[in-house]
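Got a structure for you, questions after.
Here is how names work: the chains are called A, B, and so on, in the same order as the sequence lines, proteins then strands, and each is numbered from 1. Remember, predicted model here, so these are calculated numbers, not experimental data.
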Amino acid sequence: MEYSFNAIEKKWQEKWKADRIYQVSNLSTKPKCYVLDMFPYPSGTGLHVGHPLGYIASDIFTRYKRLKGFNVLHPMGYDAFGLPAEQYAIDHGIHPATSTKQNISNFREQLDRIGFSFDWSREVNTAEPNYYKWTQWIFLQLFNSWYNRGKAQARPISELIAAFEEEGSISVSGYRAIPSFTASEWGAYNEKQQQDILMEYRLAYCGFGEVNWCEALGTVLANDEVINGFSERGGYPVVKRKLRQWYLRITEYADRLLEGLDKVAFSDAMKEMQSNWIGKSYGAEIDFAFATGDTKKLRVYTTRPDTIFGVDFMVVAPEHELIPALTTAAEKKSVEEYISYVKSRSERERLAEKKITGCFTGSYVLNPFNQRQIPVWISEYVLAGYGTGAIMAVPCGDERDFKFAQHFNIPITNIIGSHFDGKEANPTKDARLENSDFLDGLPMREAVPLVNNKLMELKIGNPRVNYKIRDAAFSRQRYWGEPFPIRWENGVAYPLDEKDLPLELPKVETYKPGPDGEGPLANLKIWTSKHLETNTMPGYAGSSWYYLRYMDPHNTETFCSRGASDYWNQVDLYIGGTEHAVGHLLYSRMWAKFLFDLGLIGFDEPYKKLVNQGMIQGSSRFVYRIEIDGSDEMEALAKQKPIFISAGMKNKSLPELQEEIKYILRKSWGADAEKIKIISISSLHVDVSLVDGLELDVTAFTAWRPEYAQSSFVLENGKYICGSEVEKMSKSKFNTVNPNELVEKYGADTFRMYEMFLGPVEQSKPWDTKGIEGVHRFLRKLWRLFFDETKGKVWTTDPATDAEWKVLHKAIKKLDEDTDRFSFNTAVSASMITVNELGELKTHKKEILEQLLILLTPYAPHICEELWHELGNEGSVLNAPYPVYNEKLLVESSKLYPVAINGKTRTELNISLEANQEQVEEMVLADESVKKWLNGNSPKKVIYVKNKMINIVV
RNA sequence: GCCCGGAUGGCGGAAUUGGUAGACGCGCCAGACUCAAAAUCUGGUUAUCGCAAGGUAGUGCAGGUUCGAUUCCUGUUCCGGGCACCA
């Protein structure tokens, strides 16, 4: 009986579906486990082998936990709003809902073949009104809430209004730079004034922010769509422009997002990335008076108030509001030129710029401690959004300040004595201060509180905690996103009534931008006549809370009942890529904290454990085409009948090559081929499916594209050998591999195990289809423990031997350990070893094989289910009792110890595990080969580590 | 530029807490079966010297700690991910 994987897999997938075997209930006496994959965007290009990597890992873990007695929630759905669908709509006139639906169905079809255990009855789709109704609802809760710093939690805005009515702004005056007011002043404000003040506190609020504006396209562009200051489509110039935008006040949660990292099992790298992003720093704000005597002050934020006497110049961001006041008539022209240059540059370009740029304003401010005149410069390396948008530059201690000073010949004051060599800045905190007035002689660390006290005493500044994180821009001038449940009246935003949700996205005729930078919705009469908000929400709106909807996906009363979220609680295992490190993960953590504050869920960290899967890179293949110089006719002929040379010849000198292939040139292009000259060799991506290893299937290649139909090939040893390179897997590089083809050829079980066998899930690695054969062979070997291809059934009910039990229990131990620590690659390897060992022992015994099947079920569910039934079992192997490891079966009495002399292993000795130091020394020193290595010298020391090794030091 | 990773045979990788570097698989080489091929099975496979026994070197590079370092520390090179509107 043969292993007919295709038939077996189809049979069981249908059976599992019919039996709804993966449907889980919210009511169970079993312990729960929630295993989640990061929300996929259903891309039009379909899945390649890199996509399912994380899904296979989570599926293995899901099945493993289920076998171990857990009620496991393992759902899947779609983050269906997004830019690519809208761009596709613009290009092809197909409604995003239609193309998205098509993409989802392709996606689903591909997933189903791999045999995942998703509970599809819980599928969600962020673009469907019954889902985004609740995204809008949560937005309304954010809009109607403010952050009470005293209580360190979000509270209803009504509480803030009540406080304003009772005592004015007194309890929240430190929050924002708005004038304080009394209760009676509040009462006297008109509606607009009151609402404007409230807007300063709402957790979802409207403000102004800079966007990438492309005048020629009349639209706002994503960073992705801007390349070096020009639009990706059309190459039109892009500048920054301020637009009205919605924001989420994530900054209020900065501390809690930071502290929360201690409660979750994320990798240290992930935690570090998040905490760097939040960027909490302790420093001071200091006011510098204008040298002109103007009452205006230039306020800077510094993390190093101790270096105040080392300030040699100031740098303000090009967007800084005081620039007009600071710019002197003489410098006006150059300042304007500089600012317009900066406007054309993205924030990324500004930060990455190595070239030093800047411009002097012509003005000076005064150091508040010694009244020294300090020039004020403008430079793009200072960002408006961070701190106060202005810095005090201390070139002896800061690298960028130092380079700036050097570049513009600004004299440098040394306040750290010998710690500064004049060649590069030294950011030390341990030097003793010099040239620093009342701080002279103090270690820098000790000077910080002193300066801070003095700032407060003189009322010229104060200590200040700052965060790098900024409020999250929450609106897009786009069509394909959730509409905001907001209506505008006289410049005031009013929330829609909850009963009017969902506010459905209307159908539009065109996806062209609206007037004046607004989104496509601004073109709709039915929309604008109701004064509805024309922005839509960004991609991360729906994905910030989707893990909750899976718990209670069909609830029409609420986004997720408290009963459901209390039962399933946090996600126990979350698998996805590191690219979401600071975006999605921070946003969804913030939303969880917010929902927790309002008592809507009972936990404030959504993901208990996070595993980041690595990227699967593509292995590209190249063919080498010769390019020629000749007559027009010859060049046209060369294009029509291209000649490709095998990889081994591409490094030959061109004349040598020409000489070598002249026969082929003449054969392809006729006698005139003598008159051409080979001038270069181009390497072209070739579809990896046309290549076996490195050998090109030339017939398939000529059939691939019409322009290659008349190709000729220069072979080496009768083969055309391709070049190869590891690159990102993408359609445009023709290096994608479709999982469908592999499942077709080897089966889903082989595919799953091979993806895992490639290497650790967390690590990036190149894809190579070749190795899949080895895994397939392993499954065939497993099959042969049960069935012989000619003899049929070979398994028996004979009792197993000790040696066989030992092999089984070694496997139980190893697979448990490896699966628990997500080391799936070593688990696959351990499975291979087990099957190899059972093969050597000629084991065909049911009592061993049956348990082995349960162990392998998470990895290769189909073959295990089939064989499980062949052994005569009823019911699914997924409901079988998981084998329990018995350590007594693996006890050894002795060990073959490596014996090293001076750290180099020289021999091995079998020694009882009971042996003590003296016994070991005696045995080791009596050994012939040890004696030989000692060469008469007496050992200084014998190191004996029980169950590990022995080392003799001479 | 800044932040975070990674680097081990021809290739993917293993070595879980500092203790025999290269498990497992691919590829390659040799052999068995076969008219032949495929499939399958057996053996070999880091480099280098050696008929062999065995020796020497070896985990990106340069140092350090240690009886002992792929593992810890310092510096450095290259590659990948992210950098706030791709999702």
A:Lys813/A:Glu887 salt bridge by N-O under 4.0 Å criterion: no
Short side-chain N/O contact to B:rC85 OP1/OP2 from A:Arg476, under 4.0 Å: yes
Sugar-phosphate, base or nothing in reach of A:Val828, heavy atoms under 4.0 Å: nothing
Interatomic distance, A:Phe404 CZ vs B:rG1 C1' [rounded to whole Å]: 16 Å
Whole-Å C1' distance, B:rC67 and B:rG80: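 Taking atom C1' in both B:rC67 and B:rG80, they lie 38 Å apart.
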Nucleotide of B:rG82, B:rG13, B:rG25 approaching A:Lys781 most closely (side-chain heavy atoms): B:rG25
From B:rC85, B:rG5, B:rC41, nucleotide with atom closest to A:Ala269 side chain: B:rG5
Side-chain-base donor-acceptor pair under 3.5 Å for A:Asn951 and B:rC67: yes
Euclidean distance for P, B:rU42 against B:rA47 (whole angstrom):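 It comes out at 23 Å once rounded to the nearest Å.
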Nearest listed nucleotide, side chain of A:Asn212, among B:rC85, B:rG19, B:rC24: B:rC85
Closest listed nucleotide, where the reference is the side chain of A:Arg777 and the choices are B:rC86, B:rG27, B:rG19: B:rG27
Side-chain heavy-atom pair A:Thr536, A:Tyr479 within 4.5 angstrom cut-off: no
Touch class at under 4.0 angstrom, heavy-atom based, for A:Ser475 against every strand present: base
Below 4.0 Å: OP1/OP2 of B:rA39 and any side-chain N or O of A:Arg780: no
OP1 or OP2 of B:rG19 under 4.0 Å from side-chain N/O of A:Asn947: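 So the side chain of A:Asn947 is outside the cut-off, no N or O lying under 4.0 Å from OP1 or OP2 of B:rG19.
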Touch class at under 4.0 angstrom, heavy-atom based, for A:Trp933 against every strand present: sugar-phosphate
Nucleotide of B:rG25, B:rG81, B:rC85 approaching A:Thr578 most closely (side-chain heavy atoms): B:rG81
Carboxylate-amine/guanidinium proximity below 4.0 Å for A:Glu817 and A:Lys810: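 A salt bridge is absent here (no side-chain N lies under 4.0 Å from a carboxylate O).
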Touch class at under 4.0 angstrom, heavy-atom based, for A:Trp767 against every strand present: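 Touches nothing.
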Phosphate contact (B:rG13 OP1 or OP2) by A:Gln763 side-chain N/O below 4.0 Å: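 A:Gln763 to B:rG13 OP1/OP2: side-chain N or O found under 4.0 Å.
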A:Arg244 to A:Asn535 - nearest heavy-atom pair and separation: O-ND2, 3.8 Å
Strand partner of B:rG22, provided both Watson-Crick or wobble distances fall under 3.5 Å: none
Heavy-atom closest contact (A:Asp401 atom, A:Ala393 atom, distance):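 The answer is OD2-CA, 3.3 Å.
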Proximal nucleotide (of B:rA87, B:rC85, B:rG55) relative to the A:Arg906 side chain: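 Among B:rA87, B:rC85, B:rG55, the one nearest the side chain of A:Arg906 is B:rG55.
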Sugar-phosphate only, base, or nothing, as touched by A:Gly82 at under 4.0 Å among non-hydrogen atoms: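 Answer is sugar-phosphate: A:Gly82 comes under 4.0 Å of backbone atoms only.
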Listed nucleotide nearest any side-chain atom of A:Glu272, set B:rG81, B:rC3, B:rC26: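 Closest nucleotide among those given: B:rC3.
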Among B:rG12, B:rC67, B:rU20, the one nearest A:Ile943 by side-chain distance: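 The answer is B:rC67, which lies nearest to the side chain.
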Whole angstrom value for the distance that separates C1' of B:rC83 from OH of A:Tyr386: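 It is 15 Å, rounded to the nearest whole Å.
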Nearest-angstrom distance, C1' atom, B:rC26 to B:rA32: 22 Å
Chi class for B:rG9: syn within 90° of 0, otherwise anti: syn
Touch class at under 4.0 angstrom, heavy-atom based, for A:Glu210 against every strand present: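 Here A:Glu210 touches no strand at all.
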Earlier contact from the 5' end, RNA chain B, for A:Val953 and A:Asp818: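 It is A:Asp818 whose nearest nucleotide is closer to the 5' end.
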Interatomic distance, A:Glu837 CD vs B:rA23 C1' [rounded to whole Å]: 12 Å
Any side-chain heavy-atom pair of A:Thr100 and A:Trp480 under 4.5 Å: yes
G-U wobble or Watson-Crick pairing nucleotide for B:rC2 (cut-off 3.5 Å, both distances): B:rG82
Sugar-phosphate, base or nothing in reach of A:Glu762, heavy atoms under 4.0 Å: nothing
Counterpart base for B:rC41, defined by Watson-Crick or G-U wobble contacts under 3.5 Å: B:rG31
Distance-only donor-acceptor test, A:Lys814 side-chain atoms vs B:rU16 base atoms, 3.5 Å: yes
Out of B:rG12, B:rG13, B:rG19, whichever nucleotide has its closest atom nearest the side chain of A:Pro760: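 Nearest to the side chain of A:Pro760 among the choices is B:rG13.
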Integer angstrom distance from the P of B:rA7 to that of B:rG13: 9 Å
Sugar-phosphate only, base, or nothing, as touched by A:Val211 at under 4.0 Å among non-hydrogen atoms: base
A:Tyr467 side chain near A:Thr251 side chain, heavy-atom distance below 4.5 Å: no
Phosphate contact (B:rC85 OP1 or OP2) by A:Arg478 side-chain N/O below 4.0 Å: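 Checking A:Arg478 against B:rC85: no side-chain N or O falls below 4.0 Å of OP1 or OP2.
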Whole-Å C1' distance, B:rA30 and B:rC79: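 Comparing C1' positions in B:rA30 and B:rC79 gives a spacing of 38 Å.
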Salt-bridge criterion met for A:Arg821 and A:Asp818 (N-O under 4.0 Å): yes
RNA chain B: 5'-proximal contact among A:Pro766 and A:Glu773 (nearest heavy atom):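 Residue closer to the 5' terminus by nearest nucleotide: A:Pro766.
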Side chain to side chain, A:Arg589 and A:Gln274, heavy atoms closer than 4.5 Å: yes
Sugar-phosphate only, base, or nothing, as touched by A:Ile952 at under 4.0 Å among non-hydrogen atoms: nothing
Side-chain N,O (A:Arg784) to OP1/OP2 (B:rU40) below 4.0 Å: no
Sugar-phosphate only, base, or nothing, as touched by A:Lys948 at under 4.0 Å among non-hydrogen atoms: sugar-phosphate
P-based separation of B:rU48 from B:rU66 [nearest Å]: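 35 Å, rounded to whole Å.
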Touch class at under 4.0 angstrom, heavy-atom based, for A:Lys468 against every strand present: base
Touch class at under 4.0 angstrom, heavy-atom based, for A:His580 against every strand present: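 The answer is base, as A:His580 lies within the cut-off (heavy atoms under 4.0 Å) of a base atom.
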Touch class at under 4.0 angstrom, heavy-atom based, for A:Glu579 against every strand present: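 Since a base atom lies under 4.0 Å of A:Glu579, the category is base.
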From B:rA14, B:rC83, B:rA23, nucleotide with atom closest to A:Asn825 side chain: B:rA14
B:rA37 and B:rC29, which share atom name P, separated by this distance in whole Å: 14 Å
Sugar-phosphate only, base, or nothing, as touched by A:Asp268 at under 4.0 Å among non-hydrogen atoms: nothing
Rounded P spacing from B:rU71 to B:rA62 in Å: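 Rounded to whole Å, the distance is 14 Å.
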salt_bridge(A:Glu210, A:Arg241) N-O dist < 4.0 Å: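 Answer for the salt bridge query: no.
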